Structure formats: C-alpha cells, structure tokens
Amino acid sequence: MPHAMPRKGTRRACDPCSVRKVRCDGNQPCSRCAAASWECTYLKTHGKSGPKGPRRTTEAAIRRLQERNRPDTARARSESDTSLEDGSPSTIDYPLLDDLSQVRSPDIDSIGWPDTVLSPTFPEQRQEPQRISIACLSQYLEVYQNRGYPIWPVVDTETLIARLLTHQEDMEAYGLAAAICAATLGQFQIDAEPKSPVEGHYRVSCALFESEAKRSREATDHLENVTISSLLTSFFLHVFSADTGRMTASTVLLGEAITKAHILGLHRVPHYTPLDIEQQQHHLRIYWLLFITERAHSIQHDVPTMLKRSPELPRLENLNDGSIEPAFIQLCRLFNILDATITADPSTAREALALAQQQLNDDTPSRSLQNELQRADISMTQQWMRIFLWQHALGVTNMRASNPEDEFSFSFPARVAQNVLTSLSSLSKESIEAHGPGMESKLFDIASSLADVMICVPSINNETHFGIGPRDLIHSLSTLLGSYRGGNPAVISILQEKLTALGVSVTSPQRLIDMSSSEDERDERNSSPQSTTWSDSVLYTPVTPPQDYSPMLSALR
C-alpha cells in the first residue's frame, strides 16, 4: 500500500478544501484538487462572514458544480453519505455537518480540518457537536421554495440562507432551516423521487433534521424568547409530526405556534400599525396560515380552536412580488367562510349554511389556477367544506329535502362525492398525494359521510345520476384511499367496516377514475357507448345484500 503524501500546514486553505473542511497542503493546485481534477481556487476571504444580501450560498454552488464534474469519485462520495436512519458514521470529509462552534482556534483553522472526526494528530482536540452544513440545508430549502412555498408562503429561503451565512452562530435561524427541511422531506417524500438530493451527496434523514431543529430550540430557550422564527419553527415541526402520523405531537406543536402568535400579537391590529407593507403582509400570511391550519386540524381531529378570526385585521393582498400566490388568498377566503358559518347565530344558521354552500359550490376560482398542486388543494378543500357544513347542518336545522342538489338533503354527500371524483379526473395522483395526510383526511371524511348516509338512509342507494349510483361512488373513493401513498391503516379499517355493512367489496387498488391516464384517454373512455361509468373494470362487487339499518340521524356525523 503506497504511503500517503506528507502534508504541510498552510495559513490558508483553498476553496474546495475549505468547503469540505479537510486539510489543504497549500499548493496551487493542492494535492486534493489535483487528484479530483477540480479547479483549485483561493477566492474565499477568510475571517469575514458570508454575503451581505440574500443569494444562494457560495459553498452550495461550488458543491453542485463540482459534483456534476466529478464522476470518478461520485461513487466513493455516495458511500460516505450519512443519515440518522441507517446508523452510518458521520465523517468530516463529507460536507454534511458543520462544527457547531463557529469560532475555531487559530491553530486548527490555519492548517485546515483533519480527515476524521477525531484526528490522532491533535489528541487534545475537543469533539464538538456537529450540525448540518449550509450547503446541505440549501438543497432542501430549494425544494421548499419550489414546491412548499405555495402551500406555506411564510419563509424567504434566500434571506434565511443569507442569515445563516452572515451570522453563522445564529442557532434560531439554523433551527428554522432544519425544521423546514424536515417538513419538506415529510410532506413531499423527495427521498423516494429519482435524482432527489438524498440519492447523492446531500443524503440526510428527516429524523436528523427534526433532531437538529429541536436541539436548536432548546439552545435558544425558544419558550421564553418568542420570535417570528421560533413561531415558524414550531409550525414546521407540527407539519413534520402530522406527516409522520404523530398527531398528538402535531397538535401540541400547532398549539405552541398559535400561543407564540398570541404573545407576539399577530391577532391584534396594533401589531401591524408600525410595520412597513412587506412586513405587514408577511405577518398576515403567518396569521392566516395558522388560522387555516388550525381550523382544518380542529375539524379533522376534534380539538378546540385557539386562534380567533379577526375581521378588523389589515387585508391580505397580493403585492405581485412573488411573496404570495392567489391560491393562498383563495384558501384563506374559504376558511373565513367556514368559520363565519359555523359561528353564526342559531336563529340564522339555516340561511348562513345555504349561503355558504352556494359560495363553496362555485369552482371557477379553483379552475382558473394554473398550478396543479394549488388547484388540487383548493378544489378538494371546497368539497370537503361542503361535506363538513352538511354534517354541521344535521345538528342545527331540519333535513327534509329529497333533491340531491339541495344542501339539506340526505342525498347531498353523493353529489359532493361525484364532484370530488370529477375533480380528481383532471389531476395527477402526485398532486393529490403531495398534500399528505391532510388530503387523505378530507377524502376520508367525504367517503365516510357518504357511507354513513347510505347505511342510515338505505333508500338513497338506488338513486343514480347519469347512470352512477352511491355504491359506485363509495367504491371508487375507497379504492382511491386504499392506494394513497403512505395511507393511514386506521382510515382504511374504519371505512372497510362501513363497506362491509353495505355489502361492498373493495379488492383491488384500481379506481373508478384513472388518475394517471391522460385527458385524451379519459375523454375517449367517457365517450365509449359500452360503459355507463368512467371505468367498467372497477365496479363494486356486492358480497351480501345490504343490511337494513334504521335511518337514525344520530348515526350521521
């Protein structure tokens, strides 16, 4: 085995060695850059912080460029990937982790970092806690900016990265970045996508991101030092907990974020008075994001709300600067309608419900959205709200109408289910599943309500609309939920019990509407005279005659 080339100390490491935090011999090119065929440069100014304005990190740009042009060592680098999930050891040679102590001793900094965590060359060196590098964080923050920002438009990643570079000791900013990355990984499951960052050099588990976010929170005493950043860290940890099925933790974290919003005064008009227009709109987006998240979470998990609707707050506006999308404003409008309706005076409840159903029935705003992810969110939220308000009507008014178009009819859930399936036919499966457990819960609520009314009011089972009956609809929704990515087994179990009571068998993951087919294929299939439904391969299969349940309204929810 050849002897390693002797190293000599240098007062200055080249840019690639500095980014990798490995020892540099000071030559030009240095031995490491020569071996890897990299451009060996000394452009970095040492002793100063990063860029003064928001822009992509220098080290992330260097790493992306050099990784593309380094095929000879890509495999070795991939093998050095580290993650909390697989238990592989971390190495300094892999630019995943930065030393937590941003102020290094002059002696160590002058000669560069050793190749291992603990080098025998410096036996007295203290092993410092390590943190995820800015280069790695920026990879996932870029995914958030492209895919998550339209859903959670509350963090400017350029500004956050600049904050990390210019104030590298800022643990609050680091914790927020880690929480966003955890939520992004959990929500979009990018580790399962081809050519995702985790397949290559920047492989990091979502558990590590969450752990670092929590560690940073404790380091900054976030419960006492409440800021916008600490509020957002709580929120994104809530998202991650919900995505991983830890609903109790997600509920606590959401409540924590809302409590911080109350402490900061985001629900009060005086908070916004001294702010400039950009800050004002940013804080309003945070308020509305918490508002709509809590309302949906409260309905789906039966917990009380904390954040009150404040009509006197400044208006949420689109400044046409990319800070907010029309879809988010539409979503806020929908939840404002919902909250105003369920808190209406009992004497005017029926009128308020009728008005809300009329407003929610208008799908023109959602159809006008170009972004499919946003279109999926708005259209499904509208239909889910219609079902929720129908459930709410059971307890506050009489259900006497028989017209399925009537919002006070027992046939109404079938109408909503058909609207849902029609909407799904124009959306990809990925755009639906990208919204995670929240979308699954909405689909389940709609399917469950339809199953409940079919059980309690058996007469509606014989009704059809364009040849499609409730049994076709419940079968299709059930099979869709059965094939949902990362589906909740409890949801499937509950729905299966209801299907068994109805005598409906769901034996395959096929769906009445093929969400993966093209619009041309769907049009051709719809126009076929041989089928009375969207697909004749997945019609329900009755196993036993439906049981004659008593039509008890108390069973409806």
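For clarity, every value in this text was computed on a predicted model and none was experimentally measured. Values below: every heavy atom of this structure, side chains too, minus hydrogens, waters and symmetry copies.
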Asker: Evaluate the side-chain proximity of R285 to I324: yes if any heavy-atom separation is below 4.5 Å, no if none is.
Answerer: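 Yes, their side chains come closer than 4.5 Å.
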
Asker: Would you please name every residue forming a side-chain contact (heavy atoms from CB on, under 4.5 Å) with S366, sequence neighbours left out?
Answerer: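 Residues passing side-chain contact (heavy atoms from CB on, under 4.5 Å) with S366: D363, I378, S379, Q382.
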
Asker: Between W288 and F291, how do the two ring planes meet: parallel, tilted or perpendicular, split at 30° and 60°?
Answerer: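 Correct class here is perpendicular.
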
Asker: If you take all heavy atoms of A242 and P437, which pair is closest and at what distance?
Answerer: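 So the two residues come closest at O-CG, 3.4 Å.
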
Asker: Taking H283 for the side chain and Y272 for the main chain, is one N or O donor matched with an acceptor at less than 3.5 Å?
Answerer: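 Answer holds: no.
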
Asker: Return the set of residues passing ring-ring contact (aromatic ring centres under 6.0 Å, His included) with H267 (not counting sequence neighbours), or none when no residue passes.
Answerer: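 So H267 forms a ring-ring contact (aromatic ring centres under 6.0 Å, His included) with H262.
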
Asker: Test L160 against L137 for side chain to side chain contact (heavy atoms under 4.5 Å, CB included), laying out the working first.
Answerer: CA-CA 10 Å; L160 179 58; L137 290 168; over 6 Å; no

Asker: Between S234 and L253, which heavy-atom pair has the shortest distance, and what is it?
Answerer: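 What the structure gives for the nearest pair is O-CB, 3.8 Å.
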
Asker: CG of L254 to CZ of F235: how many Å apart, nearest 0.5 Å?
Answerer: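 Taking CG in L254 and CZ in F235, the distance rounds to 7.5 Å.
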
Asker: May I ask you to decide if S230's main-chain N or O and K260's side chain share a donor-acceptor pair within less than 3.5 Å?
Answerer: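 It does hold such a pair.
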
Asker: Which of parallel (below 30°), tilted (30 to 60°) and perpendicular (above 60°) describes Y149 and Y144?
Answerer: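 Geometry flag for Y144 against Y149: perpendicular rings.
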
Asker: Taking it one step at a time, do I161 and I134 satisfy side chain to side chain contact (heavy atoms under 4.5 Å, CB included)?
Answerer: CA-CA 7 Å; I161 292 173; I134 300 176; 4.3 Å; yes

Asker: Could you walk me through whether I432 and L480 pass side chain to side chain contact (heavy atoms under 4.5 Å, CB included), step by step?
Answerer: CA-CA 11 Å; I432 296 295; L480 170 60; 5.8 Å; no

Asker: Quick test of your reading of the model: are E218 and K214 salt-bridged, counting only N-O distances below 4.0 Å?
Answerer: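 Result for this pair is no, no salt bridge flagged.
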
Asker: Does the pair F209 and Y140 meet the rule for a ring-ring contact (aromatic ring centres under 6.0 Å, His included), with working shown?
Answerer: CA-CA 10 Å; F209 280 125; Y140 294 97; 5.0 Å; yes

Asker: Quick check for you: to the nearest 0.5 Å, what is the distance between L232 atom CG and F236 atom CZ?
Answerer: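 L232 atom CG to F236 atom CZ measures 6.0 Å (nearest 0.5 Å).
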
Asker: For Q281 and R315, indicate whether the former's side chain and the latter's backbone hold a donor-acceptor pair under 3.5 Å.
Answerer: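 Flag set: sc Q281 to bb R315 pair under 3.5 Å.
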
Asker: Does some side-chain heavy atom of E294 sit less than 4.5 Å from a side-chain heavy atom of I258?
Answerer: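 In contact.
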
Asker: From M171 CE over to S216 OG, what is the distance, rounded to the nearest 0.5 angstrom?
Answerer: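 Here the rounded value is 3.5 Å.
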
Asker: Looking only at heavy atoms, which two atoms of L373 and A434 are closest? And how far apart?
Answerer: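 Where L373 meets A434 most closely, the heavy atoms are CD1-CB, 3.3 Å.
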
Asker: Do R131 and Y174 meet the cation-pi criteria used here (NZ or CZ under 6.0 Å from the six-membered ring centre, within 45° of the axis)?
Answerer: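 Yes, R131 lies over the aromatic ring of Y174.
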
Asker: Run the side chain to side chain contact (heavy atoms under 4.5 Å, CB included) test on F328 and L289 for me, step by step, so that the C-alpha distance in whole Å, both residues' side-chain angles and the decisive distance to 0.1 Å come before the verdict.
Answerer: CA-CA 9 Å; F328 186 78; L289 179 61; 4.1 Å; yes

Asker: Say whether, by atom type as modelled, one donor and one acceptor occur between the side chain of S241 and the main chain of L237 under 3.5 angstrom.
Answerer: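 Indeed, once roles are kept as given, a pair shorter than 3.5 Å links the two residues.
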
Asker: Do V226 and L264 touch side chain to side chain, with heavy atoms closer than 4.5 Å?
Answerer: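 Counting from C-beta outward, V226 and L264 do come under 4.5 Å.
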
Asker: Tell me whether Q374 contacts the main-chain N or O of L369 through its side chain, where contact means a donor paired with an acceptor under 3.5 Å.
Answerer: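 No.
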
Asker: Is it true that a side-chain atom of D377 and a backbone atom of H435 form a donor plus acceptor pair closer than 3.5 Å?
Answerer: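 Checking the backbone N and O of H435 against the side chain of D377, no donor-acceptor pair under 3.5 Å is found.
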
Asker: So, does S250 use its side chain to make a donor-acceptor pair with the main chain of M247 at under 3.5 Å?
Answerer: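 Yes; at least one donor-acceptor contact below 3.5 Å.
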
Asker: Between R375 and S431, does the side-chain hydrogen bond (donor to acceptor under 3.5 Å, both in side chains) criterion hold? Intermediate values first, please.
Answerer: CA-CA 9 Å; R375 193 164 66 249; S431 68; over 6 Å; no

Asker: Any sub-3.5 Å donor-acceptor pair from E440's side-chain atoms to L481's backbone N or O?
Answerer: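 Such a contact is absent between E440 side chain and L481 backbone.
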
Asker: Tell me the closest heavy-atom pair linking K429 and S483, and the distance in Å.
Answerer: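 So the minimum-distance heavy-atom pair works out to NZ-O, 3.4 Å.
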
Asker: Can you name the nearest heavy-atom pair linking D25 to C30, along with the distance?
Answerer: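 Looks like OD1-CB, 3.1 Å.
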
Asker: Atom CD in E172, atom OG1 in T233: separation rounded to 0.5 Å?
Answerer: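 If I round to the nearest 0.5 Å, the distance is 6.5 Å.
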
Asker: Rounded to the nearest 0.5 Å, what's the gap from CG on L427 to CD on E433? Could you check?
Answerer: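 Here the rounded value is 12.0 Å.
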
Asker: Rounded to the nearest 0.5 Å, what separates atom OG in S138 from atom CD in Q145?
Answerer: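 Result: 12.5 Å between the selected atoms.
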
Asker: Do we get R295 above F335's six-membered ring, with its NZ or CZ under 6.0 Å from the centre and within 45° of the axis?
Answerer: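 Output no; distance or angle outside limits.
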
Asker: Show me the pairs that pass salt bridge (Lys or Arg N to Asp or Glu O under 4.0 Å) and involve residues 223-245, at least two apart or across chains.
Answerer: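 The answer is none; no pair qualifies.
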
Asker: Does V303 offer a backbone N or O that forms a donor-acceptor pair with the side chain of S298 under 3.5 Å?
Answerer: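 Yes; judged by distance alone, with no hydrogens or angles, the pair exists.
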
Asker: Between H282 (side chain) and V154 (backbone), is there a donor-acceptor pair under 3.5 Å?
Answerer: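 It does hold such a pair.
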
